[in-house]
Amino acid sequence: MSTLIGLFGGCVKYEADHHIGKDQHVWAYSTDMKPVLRVKSGATIHLETWDCFTGQVQSEADTVEKLDLARVNSATGPIYVEGAEPGDSLSVTLHRIDPGAQGAGMVIPEWGQLIHKVKAPATRIFKVKDGTVHMNDRVSFPAVPMLGVIGVAPAEGEIATFAAGRHGGNMDDHFNRVGSTVHMPVFQSGALLAIGDMHASMGDGEISGTGVEIGGDVLIEVNVLKGKAARWPVTETADSWFTHGTTDSDLNEAIKLACEEAAQLLVEQWGFTYEDAFIFLSVAGDVGIAQSCHPSPGTKIARMRVPKIAACPRPFKGM
């Protein structure tokens, strides 16, 4: 049983089957990761996470050139889930995401769509209290906590937690929030799940390269979905499911991949023709941009929203 004290300045208790502290983390997803925890399908887990800077940013004087960039985007884990094998999905339901009291956002030299307009570098400290993010005395807005990094061991090799791909990783999709389930394709026995890079809030595109970067606590539930998997992670919410596509440089290619993924699931799982899928996604779906900080070395990530209707109520038939 796991207990957490402190949510937006309040008092909250987690009840979970397992707990992992934030110092049990990885900097890359690899085929030979050693799990720090082994659980059964259906288990609930309380994870602590660092902010993406691993505690290095405490004031506005802590700008990017002063940081150890080898200590960015740790992911708590890995977690071995019994029964998860290649060809399955690991379904990760995000029951709670509780950020800490202070986070940070940055201007990073040579990063982002507005970098030509500002003097860089710069850091801004955000306070989070009672479900509200306070940027300064004038600017505040609702917190929408989400996880930037959620992934599993890849099919081969090693992929830094800074990057995203078919294994997930640094997906930076703000729909990976409380109440969502992320269906991760499994590539290695046990899946080897690791999670980090919490944001108290992050906009589509994350155009400066940072959301409200913050540490905190997460309560998840893991379930193995046997014999059903997409090619990239699929995020499911109450009213929609979202496919993803990732590339190293070309946002248009990422959009194409996300659209192809949605169409493929409509055809394979729900009996659409490609023509019907193409038209349905055009008239009822939504293309979105999860991550496109340009310029930057980061992954470009697109998504396609598929509304839950009777003809395609879930990403996979028979769930």
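Not measured: the values here are computed from a predicted model.
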Legend entry - Check: V152 and Y29 side chains under 4.5 Å, non-hydrogen atoms: no
Inset, instruction - Look at atom CD of E65 and say whether more than 12 heavy atoms of other residues, nucleotides or ligands are closer to it than 6.0 Å. - result: yes
Legend entry - Backbone of Q58 reached by a side-chain donor or acceptor of D62 within 3.5 Å: yes
Legend entry - Between CG on residue L37 and CD1 on residue I20, distance to nearest 0.5 Å: 4.5 Å
Inset, instruction - Could you tell me whether the side chains of Q188 and T31 share a donor-acceptor contact shorter than 3.5 Å? - result: no
Inset, instruction - Look at the side-chain heavy atoms of Ile, Leu, Val, Met, Phe, Trp and Tyr, link any pair under 4.5 Å apart, and say whether V234 and I289 land in one connected group. - result: yes
Inset, instruction - Flag the pair V222 / S41 as yes when at least one side-chain heavy-atom distance between them is below 4.5 Å, and no otherwise. - result: no
Legend entry - Pair E60 + K66, salt bridge at N-O below 4.0 Å: no
Inset, instruction - Classify the angle between the aromatic ring planes of F126 and F141 as parallel (below 30°), tilted (30 to 60°) or perpendicular (above 60°). - result: perpendicular
Legend entry - C293 backbone acceptor or donor facing Q291 side chain under 3.5 Å: yes
Legend entry - Validation row: V218, D98 side chains within 4.5 angstrom (heavy atoms): no
Inset, instruction - Please report the shortest heavy-atom distance between A229 and F316, naming the atom on each side. - result: C-CE2, 3.7 Å
Legend entry - Check: T210 side chain, M106 main-chain N or O, donor-acceptor pair, under 3.5 Å: yes
Legend entry - Heavy-atom pair with the smallest gap, counting every atom of M146 and D173: CE-O, 3.3 Å
Legend entry - Over all atoms of both residues, closest heavy-atom pair of P313 and W241: C-NE1, 4.3 Å
Legend entry - Backbone N/O of L47 and side chain of T76: donor-acceptor pair under 3.5 Å: no
Legend entry - Cationic tip of R177 above F175 ring, under 6.0 Å, 45° of axis: yes
Legend entry - Residues S91 and H183: side-chain donor-acceptor under 3.5 angstrom: yes
Inset, instruction - Using a cut-off of 6.0 Å, state whether more than 12 heavy atoms not belonging to K226 lie near its atom NZ. - result: yes
Inset, instruction - Examine distances only and state if a side-chain atom of K228 and a backbone atom of K317 form a donor-acceptor pair shorter than 3.5 Å. - result: yes
Legend entry - Note, E236 side chain near R314 side chain (heavy atom, < 4.5 Å): yes
Inset, instruction - Indicate yes or no for a side-chain donor-acceptor contact from Q56 to the backbone of F53 under 3.5 Å, with no hydrogens or angles considered. - result: yes
Inset, instruction - Kindly indicate, with the supporting measurements, whether the criterion salt bridge (Lys or Arg N to Asp or Glu O under 4.0 Å) is fulfilled by R166 and E156. - result: CA-CA 11 Å; R166 294 180 185 269; E156 58 184 20; over 6 Å; no
Inset, instruction - Could you tell me whether R303 and D172 make a salt bridge, using a distance below 4.0 angstrom between a side-chain N and a carboxylate O? - result: no
Inset, instruction - Look at the side chain of Y274 and the backbone N and O of V267, then say whether any donor-acceptor pair between them is shorter than 3.5 Å. - result: no
Inset, instruction - Taking T93 for its side chain and H95 for its backbone only, find out whether a donor-acceptor pair lies under 3.5 Å. - result: no
Legend entry - Backbone of A230 reached by a side-chain donor or acceptor of Q264 within 3.5 Å: no
Legend entry - Side-chain heavy atoms of H244 within contact of E261, under 4.5 Å: no
Legend entry - Value rounded to 0.5 Å, distance of OG1 in T49 from CG in L147: 7.0 Å
Legend entry - Beyond-backbone contact of S189 with Y80, side-chain heavy atoms, under 4.5 angstrom: yes
Inset, instruction - Would you please say whether a donor-acceptor pair under 3.5 Å links the side chains of S30 and D32? - result: yes
Legend entry - Smallest separation among heavy atoms of A258 and A302, with atom names: CB-O, 3.8 Å
Legend entry - Taking every non-hydrogen atom, the tightest pair across D197 and E213: OD1-OE1, 3.0 Å
Inset, instruction - Report the C-alpha distance between W111 and V64 in whole Å, list the side-chain angles of each, state the deciding distance to 0.1 Å, and finish with yes or no for side chain to side chain contact (heavy atoms under 4.5 Å, CB included). - result: CA-CA 11 Å; W111 282 35; V64 67; over 6 Å; no
Legend entry - D217 side chain reached by H46 side chain, heavy atoms, under 4.5 Å: yes
Inset, instruction - Ignoring hydrogens and angles, state whether a donor on the side chain of T235 or N176 is under 3.5 Å from an acceptor on the partner side chain. - result: yes
Inset, instruction - Return yes if some donor-acceptor pair links the side-chain N/O of K300 with the main-chain N/O of G298 below 3.5 Å, else return no. - result: yes
Legend entry - Identified side-chain hydrogen bond (donor to acceptor under 3.5 Å, both in side chains) partner of E48 from the options H25, K22, H19: H19
Legend entry - T161 OG1 to W27 CH2 distance, which is reported to the nearest 0.5 Å: 7.0 Å
Inset, instruction - Of all the heavy-atom pairs spanning A16 and L219, show the shortest one and how long it is. - result: CB-CD1, 3.6 Å
Legend entry - Sub-4.5 Å side-chain heavy-atom contact between L94 and V178: no
Legend entry - Pair K308 + D239: basic N to acidic O under 4.0 Å: no
